[in-house]
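Every number for a ligand or one of its atoms is a count from 1 in the order of the listing.
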Amino acid sequence: MVTLNDYAPIVGPEVIGQLQRLAERLKDRRFVHINSTRTGGGVAEILSRAVPLLNQMGLTTTWEVIQGDPTFFEVTKAFHNALQGHEVRLSPAQLQHYEEVNRENARKFTWEADYVLVHDPQPAFLIKVMRERARHWVWRCHIDVSRPNLKVWKYLREIVSRYDASIFSMAQFAQNLPHPQYLIRPSIDPLSEKNREITPEEIDQVLNRLGIERDRPLVLQVSRFDSFKDPVGVIQAFRMVRKHVPCKLILAGGEATDDPEGPRIFAEVMEAAEGEPDIQVLLLPPDAHHEVNALQRAADIIVQKSTREGFGLTVTEAMWKGKPVIGGAVGGIVLQIRDYHTGFLVHSPEGCAFRIRYLLHRPEMAQRMGRLAREFVRQHFLITRNIRDYLTLLTLAENPGSRTIEL
Ligand code: UDP
């Protein structure tokens, strides 16, 4: 089992000491996280690593998952799409179903807590039914809400307003809400199966198993099959590059149990990739962390051509592996990619194609960017910093009205 001290060689012993001091004051507090899936997507990725660590640090931390039927997840995916700016229509019956599923879950939940962190809209309604079960409720939004569909946000805002605080990933996502809003960047765990150091032999084994030959430079995008990740745009960019430079594209993706749109987008991707033998589309199971690790390390260039992005852990993961990332200039990606330094920001398939060619022709520059990218992640986007932020937030909540709090 990974312990807090195992992070000391990566982040330095002072950081570990600081975390221990913060946690000491929050000992035995009951801290509950609620989201809508245990596998697939960035939220599950973070919780699977943060919850055990918080427990080790003395907070009694649990992770609850809201259950729902397919109709529920269609409604919540529509919320997600609307918050990221799509025009969607939701009928009163659909909203009623969303509320009813939350009520059913509330009847089954037995937890009581000091602090609850509710992730994203799926379980947000629980506060209306379970308010008295916890002292302090915080809503954690992982979505790119820079330009939400206002009708849907109006409905959700009425629910979110009941929380004691909310957390967004960047300032551009903050909303008009009647409570404190905190800005906390997500993070990756450098010691997880997805990010730990692995040997060249382990990488080769995975590539052999997946039938990937390394006879040409590899361009990779890892993402759920979701329209905001723009996999079809990546294929368009790749086709432009392929005309001039020999290379291969791997699109690796899996499904998340709370995302019903995956199969439709996967079909679109297969159609767009048809007739191009240098594109390989991999449908991975949700626990393929070792495979994703190996693919990211094997790639020469990593792309994350999203058109909306709450944060984009795939960008962080790639940067940590010393890769230059070409990312859509949206949402949390712009916090991570410093254009021309840690990677490139692009606005179109053409821009993406241009930057792929540019880097394929300049391997030393790609390496230099990768080194800077890794260091940038070490300083800003590792799990220790994320846990420090959460503990700081709880410390503030422990001292309501205090004019000074010594951290
Ligand atoms: N992921 C994975 N397998 C896949 C696709 C994605 O393990 O086939 C992981 C990916 O490595 C990352 C997370 O799922 O850790 C996706 O997080 P991100 O913030 O990039 O996007 P989200 O899916 O949350 O929108």
OG on S192 to CG on N293, rounded to 0.5 Å: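 N293 CG to S192 OG: 7.5 Å, rounded to 0.5 Å.
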Do you know which of R297, K194, R209 makes salt bridge (Lys or Arg N to Asp or Glu O under 4.0 Å) with E291?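 With E291 as partner, salt bridge (Lys or Arg N to Asp or Glu O under 4.0 Å) holds for just one option, R209.
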Derivation of the side chain to side chain contact (heavy atoms under 4.5 Å, CB included) call for R185 and N386: CA-CA 7 Å; R185 322 289 191 219; N386 201 159; over 6 Å; no
Who passes side chain to side chain contact (heavy atoms under 4.5 Å, CB included) against R162, sequence neighbours left out?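 Residues passing side chain to side chain contact (heavy atoms under 4.5 Å, CB included) with R162: I127, K128, E158.
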Which residue pairs pass the salt bridge (Lys or Arg N to Asp or Glu O under 4.0 Å) test with at least one member in residues 74-83, sequence neighbours excluded?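 Counting only pairs at least two positions apart or across chains, the salt bridge (Lys or Arg N to Asp or Glu O under 4.0 Å) contacts touching residues 74-83 are K77-D226, K77-D259, K77-E261.
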Show me a pair-per-line table, with atom names and distances to 0.1 Å, of protein N or O atoms that are under 3.5 Å from an N or O of ligand 1.
residue	atom	partner	partner atom	Å
ligand 1	7 (O)	K194	NZ	2.6
ligand 1	8 (O)	G254	N	2.7
ligand 1	11 (O)	K194	NZ	3.1
ligand 1	11 (O)	E317	OE1	2.7
ligand 1	11 (O)	E317	OE2	3.3
ligand 1	15 (O)	E45	OE1	3.4
ligand 1	15 (O)	E317	OE2	2.4
ligand 1	17 (O)	G42	N	3.2
ligand 1	19 (O)	L313	N	2.8
ligand 1	20 (O)	L313	N	3.1
ligand 1	20 (O)	T314	N	3.1
ligand 1	20 (O)	T314	OG1	3.4
ligand 1	21 (O)	K229	NZ	3.0
ligand 1	23 (O)	R224	NE	2.7
ligand 1	23 (O)	R224	NH2	3.4
ligand 1	24 (O)	G42	N	2.7
ligand 1	25 (O)	R224	NH2	2.8
ligand 1	25 (O)	K229	NZ	2.7

Considering only distance and modelled atom types, tabulate donor-acceptor pairs under 3.5 Å from the side chains of residues 58-65, sequence neighbours left out.
residue	atom	partner	partner atom	Å
T61	OG1	L59	O	3.2
W63	NE1	N35	OD1	2.8

